[in-house]
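One structure is given below, encoded as structure tokens.
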Amino acid sequence: MATSGIVPIIDFGPYLTGAPEDKAKVAQELYEACTKVGFLMLRNFDTIIPKTQVEETFTATKKFFDLPFEKKDKLEWECPESNRGYVRQGRERVTQATSKEEIEKLRQQAPDYKETMEIGKDYREGDYDSKFSNRWPDKAFPGFKPISNDFFEKCHLLHLEIMRALALAMGLGENFFDDKVDQKAHNLRLLNYPPVEREKIAGGGNRAGSHTDYGTVTLLFQDMVGGLEVQDSQGQFVPAYPQESTVVVNIGDLLQRWSNDRLKSTVHRVVLPTGASEDVMTPRRNSIAFFSNPNLHQMIECLPNTGEPKYEPVETEEYLVRRLGETYTK
């Protein structure tokens, strides 16, 4: 099996279109990667998300972040319950710390050099929690909404197949998670890492600090600039070099809890690309993350056949709101 650093690269095509024995083999490869590393890269998922759609969404991402700040600031992120809107550089500080005081100190010492746009399910009147609506730049960029919404839906479908593969490998039955993630309580995050003076990051800053993700699985589409690093079993950070036509998949904290630590939520960060030039300014980097979550009122408690529970049950929404509230400044 090919790897990028310590991250396995898995061909997902046979799971999506192959015979039962092919599905079982790929599911086991996926499970082993998620138990040993917590990260992997998938190839051949284009029957769900075509390469042209990924490219279109990257183009839209760049166009959105090229809008003037006064237009983006009108769409600003307001609260963790909604988790929608534009987040200016410096407002979020991802970290493993949980104390607001400690996080604020980190924010001042070494801010995350990134800006983001957070997009949730586009609820309609009468839907669950329809009071939370996305914040769209309709007049400034009228095509942004349909492109983002369609990509959100396709990412949900890919995430669902990954959850099915994990359920199959764990002996839970392929459709075990289907009715536990069908609310689509996910977060599509568009990211822009603007050029920054190299010495600011070399002096201790990161494009995104060391952290784990909060939900079930994350899908990360990245450009070829690089900078993603994954922590290995010895606590060292190892580059996960970008690979053409792949999506990075990693386990989040809620799925680690749900699986009673069978599946591994691994610390990672974004730094300057390995072997970066000596230019004064860093290159711009863009990525697209899809943070998958269980349904908001789903109780996360020890899955069958995973041993004595290590965690108290927790409701998805309670957990996510608390974690988001810790990492954002007003």
Side-chain angles (χ1 to χ4, degrees), residues 1-49 154-182 212-213 215-221 228 230-234 238 240-241 243-268 290-294 298 300-311:
M1 183 187 301
T3 63
S4 177
I6 61 172
V7 178
I9 302 173
I10 296 174
D11 183 352
F12 204 46
Y15 180 83
L16 296 175
T17 61
E21 57 271 23
D22 299 319
K23 292 172 71 76
K25 182 176 182 293
V26 175
Q28 189 61 35
E29 289 177 354
L30 196 73
Y31 176 73
E32 289 181 6
C34 292
T35 56
K36 294 177 181 177
V37 184
F39 269 78
L40 58 109
M41 295 183 183
L42 286 187
R43 292 192 186 280
N44 295 326
F45 55 89
D46 52 311
T47 55
I48 297 177
I49 310 179
K154 295 294 179 56
C155 286
H156 169 74
L157 294 177
L158 179 56
H159 127 271
L160 184 59
E161 294 296 344
I162 293 168
M163 296 295 286
R164 287 172 175 168
L166 289 173
L168 179 64
M170 295 177 75
L172 298 171
E174 195 172 7
N175 301 111
F176 177 86
F177 291 111
D178 284 14
D179 63 354
K180 300 170 181 62
V181 300
D182 59 359
T212 55
D213 295 339
T216 50
V217 296
T218 299
L219 310 178
L220 177 68
F221 303 83
L228 175 65
V230 176
Q231 195 173 62
D232 66 15
S233 58
Q234 284 74 49
V238 179
Y241 298 106
Q243 303 292 314
E244 290 280 4
S245 303
T246 66
V247 58
V248 178
V249 179
N250 64 279
I251 300 299
D253 295 341
L254 279 175
L255 190 51
Q256 176 170 300
R257 289 177 69 115
W258 216 351
S259 69
N260 211 29
D261 286 351
R262 293 288 180 90
L263 306 176
K264 184 178 180 181
S265 180
T266 302
V267 175
H268 52 286
F290 186 76
F291 298 108
S292 310
N293 298 308
Q298 177 67 43
I300 305 304
E301 47 195 340
C302 183
L303 291 171
N305 305 317
T306 56
E308 188 70 22
K310 298 180 181 180
Y311 303 97

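Note: hydrogens, waters and symmetry copies are ignored here, and every other heavy atom, side chains too, is used. Fair warning: this is a prediction, and the values are worked out from it, not measured in the lab.
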Test side chain to side chain contact (heavy atoms under 4.5 Å, CB included) on L219 and I162; report intermediate values, then the result.
CA-CA 10 Å; L219 310 178; I162 293 168; 3.6 Å; yes
For the atom pair SG (C302) and CD (E308), what is the distance rounded to the nearest 0.5 Å?
8.0 Å
Going by heavy atoms in the side chains, are T218 and V249 under 4.5 Å from each other?
no
The reported gap from NE2 in H156 to CZ in F290 (rounded to nearest 0.5 angstrom) is 7.5 Å
Could you tell me whether a side-chain N or O of S259 sits under 3.5 Å from a main-chain N or O of Q256, the two making a donor and an acceptor?
yes
Quick one: closest heavy-atom pair of S4 and A240, and the distance?
OG-C, 3.5 Å
Heavy-atom pair of closest approach, residues A165 and L30:
CB-CD2, 3.5 Å
Thinking salt bridges, do E29 and K25 make one under a 4.0 Å N-O criterion?
yes
Residue pair Y31 / L168, side-chain heavy-atom distance below 4.5 Å
no
Is any side-chain heavy atom of E161 closer than 4.5 Å to one of F12?
yes
Residues at least two apart in sequence or cross-chain that pass ring pair (Phe, Tyr, Trp, His ring centres under 6.0 Å) with F177, listed by chain then number, are W258
Residue pair V217, L255: steps toward the side chain to side chain contact (heavy atoms under 4.5 Å, CB included) verdict
CA-CA 7 Å; V217 296; L255 190 51; 3.9 Å; yes
Minimal non-hydrogen separation, P294 against L254, with atom names
CD-CD1, 4.0 Å
Close side-chain approach of L172 to P304, heavy-atom, < 4.5 Å
yes
Y15 vs I10, test: side chain to side chain contact (heavy atoms under 4.5 Å, CB included). Steps then yes/no.
CA-CA 10 Å; Y15 180 83; I10 296 174; over 6 Å; no
With heavy-atom distances below 4.5 Å as the criterion, would you say the side chains of T306 and M170 are in contact?
yes
Using modelled atom types and a 3.5 Å cut-off, is there a donor and acceptor pairing between side-chain atoms of D253 and backbone atoms of S265?
no
With heavy-atom distances below 4.5 Å as the criterion, would you say the side chains of K264 and V37 are in contact?
no
Using the test salt bridge (Lys or Arg N to Asp or Glu O under 4.0 Å), find all partners of K23 that sit at least two apart in sequence or belong to another chain.
E174
Interatomic distance, L42 atom CG to Q243 atom CD [nearest 0.5 angstrom]:
13.0 Å
Taking every non-hydrogen atom, the tightest pair across A169 and A27
CB-O, 3.5 Å
Can you tell me how far the CG atom of L160 sits from the CG atom of N175, to the nearest 0.5 Å?
8.0 Å
Side chains of T35 and L263, heavy atoms from C-beta outward: is any pair under 4.5 Å?
yes
Any side-chain heavy atom of V26 sitting closer than 4.5 Å to one from D11?
no
Checking the side chain of R43 only, and the main-chain atoms of E244 only, is there a donor and an acceptor separated by less than 3.5 Å?
yes
Heavy-atom closest pair (G5 atom, V238 atom, distance to 0.1 Å) is CA-CG1, 4.1 Å
Would V7 and L228 count as a side chain to side chain contact (heavy atoms under 4.5 Å, CB included) if you check the C-alpha gap in whole Å, the side-chain angles of each, and the deciding distance to 0.1 Å?
CA-CA 11 Å; V7 178; L228 175 65; over 6 Å; no
Would the number of heavy atoms belonging to other residues, nucleotides or ligands and lying under 6.0 Å from CG of D179 be above 12?
yes
Looking at NE2 of H159 and CD1 of I48, how far apart are the two atoms once the value is rounded to the nearest 0.5 Å?
11.5 Å
Would you compute the distance between atom CG of L166 and atom OG1 of T216 and round it to the nearest 0.5 angstrom?
9.5 Å
Over all atoms of both residues, closest heavy-atom pair of G173 and A167:
O-CB, 3.3 Å
